[in-house]
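Let me begin by presenting the structure, written as structure tokens, before commenting on it.
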Amino acid sequence: MNIRQELTKIVSGAFEKLGYAPEYGAVTVSGRPDLCQFQCNGAMAAAKEYRTAPAAIADGIAECLRMDKRFSSVESVKPGFINMSLSDAWLAELMNAAGGDDRLTLPLMEPRTIVVDYGGANVAKPLHVGHLRSAIIGDTLCRLARFLGHRVISDVHLGDWGLQMGLVIAEIEREQPELCYFDPDYEGDYPAEPPVTVDELNVIYPAASARSKTDAEFAAKAARATVELQDGRAGYTALWRHVRGVSIADLKRNYGALGVSFDYWYGESDADKYIPRVIGLLRNKKLLRESDGAMVVDTALPEDKEPMPPMIVVKSNGGDMYGTTDLGTILQRVEDWKPDEIWYVVDNRQALHFKQVFRCAALAGLLDNTDCIHINFGTMNGRDGKPYKTRDGGVMRLSDMIGDVTKSAYDKASGSDIAMSEEEKLRVARAVGVAAIKIGDMLNHRTRDFIFDMDRFLAYEGKTGPYLQYTAVRINSLLAKAGEAKVSSGDILPPASGAERELQLSLLSVADALPRALAEKAPNIICEVLFDVAGAYNRFYFENKILTCPEEGRRASWLSLSRLTGDMLGILLGLLGIEVPENM
RNA sequence: GCGCCCGUAGCUCAGUGGAUAGAGCACCCGCCUCCUAAGCGGGGGGUCGGACGUUCAAGUCGUCUCGGGCGUGCCA
């Protein structure tokens with residue numbers, strides 16, 4: 001249950017009853033927790049319309065609400081604030097309702113079908129730290145949308161069809177020209193085993209990319225190979241299939257280490273067969289125009305403030321642009337899945353590109369009541385504010401980063417007071433490392449550039465993933481001890497202290513935070529509410545000795561409240577793809 | 001040049017037009033004979049880049065300005 005919505009309903013009712021528009025009854029969490037838990041500022045806004053002193057309106061509303069037993073206090077303050085706090089009895093009632101429900105009374109929304117495109121992975125290019133954000137933000141948004149009741153289809157949209165494939169093919173040919181894939185007259189079956197390993201691929205692409213910058217002939221060959229691959233040359237296609245397969249296996253391992261997965265591993269190549277139809281549609285609607293040998297579509301609107309260059313659909317050499325592939329992909333998604341929304345979790349820098357693509361898709365009539373949304377995010381920079389580099393100036397592999405953080409978490413686990421087996425330490429280290437990385441990133445608002453600081457990820461102190469896990473582990477340990485001692489839990493009682501009341505209120509606020517996080521596509525909102533809950537619990541835990549509490553009813557209540565908190569932390573961490581280890 | 005995004009504590013960042021702008025780190029001081037101290041409490045630290053405007057009320061909205069990042073047709 002969303003308490004803020006519930007209170008808004010109640011207060012709006014009071015406004016209406018007194019002859020004011022109900023819209024003024026909007027309730028927010030109090031900005032002055034020392035004064036009250038919730039507030040309504042509508043009286044001040046209403047004052048103008050009704051030409052009445054705001055304080056007089058607030059007095060009336062407060063008077064009207066005061067008789068409601070669900071409030072412990074309702075006050076009208078100075079300029080026209082309406083301050084209210086929940087009665088402890090109602091709070092306890094809400095806690096027990098949550099504790100007795102699988103979803104902890106968290107809301108479900110009207111289901112929509114949402115396709116989420118994230119990851120940004122390319123064939124033959126290893127994932128580096130720059131791929132982190134799309135993967136974990138996209139994964140979190142998928143989990144959140146699913147949890148709130150939506151039908152979510154995730155698609156990695158693999159970069160498997162562009163120039164980088166031509167570069168890789170050209171480089172393999174340069175190194176191993178004798179392979180049958182390069183013989184245009186070859187008529188036999190192609191080998192079942194790939195001619196390259198992942199490790200070789202990881203060397204081949206950078207080498208090819210570098211070569212193409214200094215060797216014009218090689219660059220031309222790569223471009224030609226790209227076109228020939230797209231035209232279906234048999235040998236290249238067979239080789240491409242191998243490279244793609246080897247690459248995908250490796251990508252799955254790396255994403256898997258982060259707990260990130262995809263429903264579909266479609267690639268740009270899968271959009272290829274839709275492209276002729278896209279171009280046909282554009283041509284029929286007379287949207288195509290020749291420009292410097294390329295075919296373009298004008299996407300500018302008269303009201304645009306920002307410059308909107310034409311979008312190139314067919315390059316002057318006859319090849320497709322990535323935007324064309326994106327259009328083909330939209331057609332495929334709309335036909336196969338009929339989504340209400342398509343989300344693109346992609347770097348800020350492609351904002352203009354997506355604006356063009358979405359407009360072009362609308363012009364072409366590809367969108368059938370489908371909203372396309374670019375969920376942009378900021379660049380990950382190093383401590384110098386420039387794009388992140390390793391000490392020797394190279395790009396850092398995602399697998400290396402995960403390895404470093406996991407190693408450090410392992411050392412920390414080894415120094416723990418808790419005795420753990422070797423195997424357990426490894427499991428804990430993996431879970432803790434991933435949590436450190438994810439929270440370190442997603443605590444920041446997604447649209448901002450942020451500083452990637454390995455040392456901070458390795459700190460495990462304060463506002464970090466491990467803090468959240470530690471809180472959950474503590475709770476689980478407490479509940480296990482209670483079980484051993486046969487101490488039973490029972491109804492959650494009205495709070496006996498400020499810390500306990502704050503814990504209950506923080507649990508109540510989750511139901512409001514999740515839809516907001518989804519509406520804004522902002523994982524940091526989930527993180528914030530997680531720290532609210534975990535912090536409140538840790539204060540409560542410090543103040544109260546739960547297992548040894550002599551009052552049986554109170555002890556039983558505290559155990560239930562602890563269980564509820566643990567379940568809530570589990571759900572919220574689950575939305576971020578973070579596991580709770582058995583020990584820390 | 002034009003456009004988009006961002007300037008909040010020493011650092012990294014939150015902040016749904018409302019009351020006294022919050023966290024974490026770092027620094028200083030406390031708390032384990034008692035359920036996991038990867039924890040809890042306290043302290044110092046701010047003209048929210050600047051100016052003007054809208055509003056009963058601006059870190060939040062608008063205009064201008066300074067500083068930084070990014071984008072601006074045949075890579076993705």
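Just so it is clear, the values below take in all heavy atoms, side chains as well, and ignore hydrogens, waters and symmetry mates.
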For [X], which contact category applies under a 4.0 Å heavy-atom criterion: base, sugar-phosphate, or nothing?
{"X": "Asn83(A)", "answer": "base"}
{"X": "Asp34(A)", "answer": "base"}
{"X": "Tyr541(A)", "answer": "base"}
{"X": "Ala459(A)", "answer": "nothing"}
{"X": "Asp417(A)", "answer": "nothing"}
{"X": "Glu520(A)", "answer": "nothing"}
{"X": "Lys78(A)", "answer": "nothing"}
{"X": "Lys315(A)", "answer": "base"}
{"X": "Gln356(A)", "answer": "nothing"}
{"X": "Ser477(A)", "answer": "base"}
{"X": "Ile312(A)", "answer": "base"}
{"X": "Val296(A)", "answer": "base"}
{"X": "Ala351(A)", "answer": "nothing"}
{"X": "Lys481(A)", "answer": "sugar-phosphate"}

Using purine N1 to pyrimidine N3 plus N6-O4 or O6-N4 for Watson-Crick, or N1-O2 and O6-N3 for G-U wobble, both under 3.5 Å, which nucleotide pairs with [N]?
{"N": "G44(B)", "value": "none"}
{"N": "U16(B)", "value": "none"}
{"N": "C35(B)", "value": "none"}
{"N": "C25(B)", "value": "G10(B)"}
{"N": "G1(B)", "value": "U72(B)"}
{"N": "C61(B)", "value": "G53(B)"}

With respect to the phosphate group of [N], does any side-chain polar atom (N or O) of [X] fall under 4.0 Å of OP1 or OP2?
{"X": "Asn524(A)", "N": "G15(B)", "answer": "yes"}
{"X": "Tyr205(A)", "N": "A76(B)", "answer": "no"}
{"X": "Arg474(A)", "N": "A37(B)", "answer": "yes"}
{"X": "Arg539(A)", "N": "G41(B)", "answer": "yes"}

Base of C13(B) relative to its sugar, syn (within 90° of 0) or anti?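 It is anti.
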Salt bridge or not for Glu424(A) and Arg427(A), using N-O below 4.0 Å?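 Salt bridge between Glu424(A) and Arg427(A), a charged N being under 4.0 Å from a carboxylate O: no.
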Do the charged groups of Arg539(A) and Glu500(A) touch, with an N to O distance under 4.0 Å? no
Is it the case that Asn376(A) and Arg446(A) place a side-chain donor and acceptor less than 3.5 Å from each other? yes
With distance as the sole criterion, is a donor-acceptor pair present between the side chains of Gln350(A) and Asn348(A) under 3.5 Å?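 Judged by distance alone, the side chains do not pair up.
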Taking all heavy atoms of Pro310(A) and all of Arg289(A), pick out the closest pair and write down the distance.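 Here Pro310(A) and Arg289(A) meet closest at CG-NH2, 3.7 Å.
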Using a 3.5 Å distance criterion without hydrogens, assess whether the side chain of Asp160(A) forms a donor-acceptor pair with backbone atoms of Ser269(A). yes
Enclosure of Glu552(A) CD (heavy-atom neighbours >12, cutoff 6.0 Å):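 Count not over threshold, so no.
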Does the structure show Phe81(A) stacking with A19(B), if we require the centres to be closer than 5.5 Å and the planes to be within less than 30 degrees of parallel? yes
For Lys355(A) and C5(B), what is the distance between atoms NZ and P respectively, to the nearest whole Å?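 Atom NZ in Lys355(A) sits about 8 Å away from atom P in C5(B).
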